[in-house]
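Residue indices begin at 1 and follow the sequence shown.
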Amino acid sequence: MRIDVVSIFPTIFDALEVSLLGKARQSGLLDVRVHDLRDYTHDRHRTVDDTPYGGGAGMVMKPEPWGLALDDIAGGVDPRPVIVFPSPAGERFTQATARELSQAPHLVFGCGRYEGIDERVFDYASELGEVRLISLGDYVLNGGEVAVMAMIEAIGRLVPGVVGNPESLVEESHEDGLLEYPSFTKPAVWREREVPPVLLSGNHGAVASWRREQQIERTRERRPDLLAD
């Protein structure tokens, strides 16, 4: 999978060099390329923002640097990429979204800043690929970088070969609409707290039933909205 990221703070994505995603990049499973939006400006101040039409607080990211960046990264690419812009006005990012996007051969992420990106950029980007505006949650961040990092992590680990044991992906939170069951390891007793006896029984059927019950109870307690869905 190829992933391109456009940001005015490209060094934020140095964190992708570590852990499983870093290994995936080294092995060629993920081809991640980070681009500085300011490289697509032509004035000596490398300006990427301007005041908003209609007035209001803050600044808006100018369309032309984005147009040049998208031309360079997504123009004439076959197959057409999925172009993702983090936005509090977008669809909600879920595990299902991550799994869907993990099937795409090429993703392009555009990290907005300030009061956002000139709306015309999204329309133009739709000529180059499939545009998705996606919200990480019902809150506002200073920019799109943190959201894109989270999305890349969630998507990248679903690419075949990135996670060593693919079975571990099946039982995770949200894969079946429920939260994950609690996990325990050795010792069996730690600071007077015991591991549930069923997990020590060797009865795989009983363990599976207990874990399912825990998923439902945990979801009912912490995320009842998921059960309603």
Residues Ser7, Phe13; criterion side chain to side chain contact (heavy atoms under 4.5 Å, CB included); working and verdict: CA-CA 9 Å; Ser7 168; Phe13 295 92; 4.0 Å; yes
So, are [X] and [Y] salt-bridged, with charged N and O less than 4.0 Å apart?
| X | Y | result |
| --- | --- | --- |
| Arg80 | Asp78 | no |
| Asp39 | Arg46 | yes |
| Glu180 | Arg211 | no |
| Asp36 | Arg38 | no |
| Glu100 | Arg132 | yes |

Backbone N/O of Leu21 and side chain of Ser19: donor-acceptor pair under 3.5 Å: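 A pair under 3.5 Å: no.
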Straight-line distance of Ile216 CD1 to Glu221 CD, nearest 0.5 Å: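 Going from CD1 on Ile216 over to CD on Glu221, the span is 14.0 Å.
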Euclidean distance, Arg222 CZ relative to Arg220 CZ, rounded to 0.5 Å: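 Arg220 CZ to Arg222 CZ: 13.5 Å, rounded to 0.5 Å.
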Parallel, tilted or perpendicular: rings of Phe184 and Trp210 (30°, 60°): tilted
Greater than 12 external heavy atoms within 6.0 Å of Tyr139's OH: yes
Distance-only polar pair, side chains of His35 and Asp72, donor-acceptor under 3.5 Å: no
Side-chain donor-acceptor pair present, Tyr124, Asp118, cut-off under 3.5 Å: no
Leu141-Val60 co-clustered via ILVMFWY side chain contacts under 4.5 Å: no
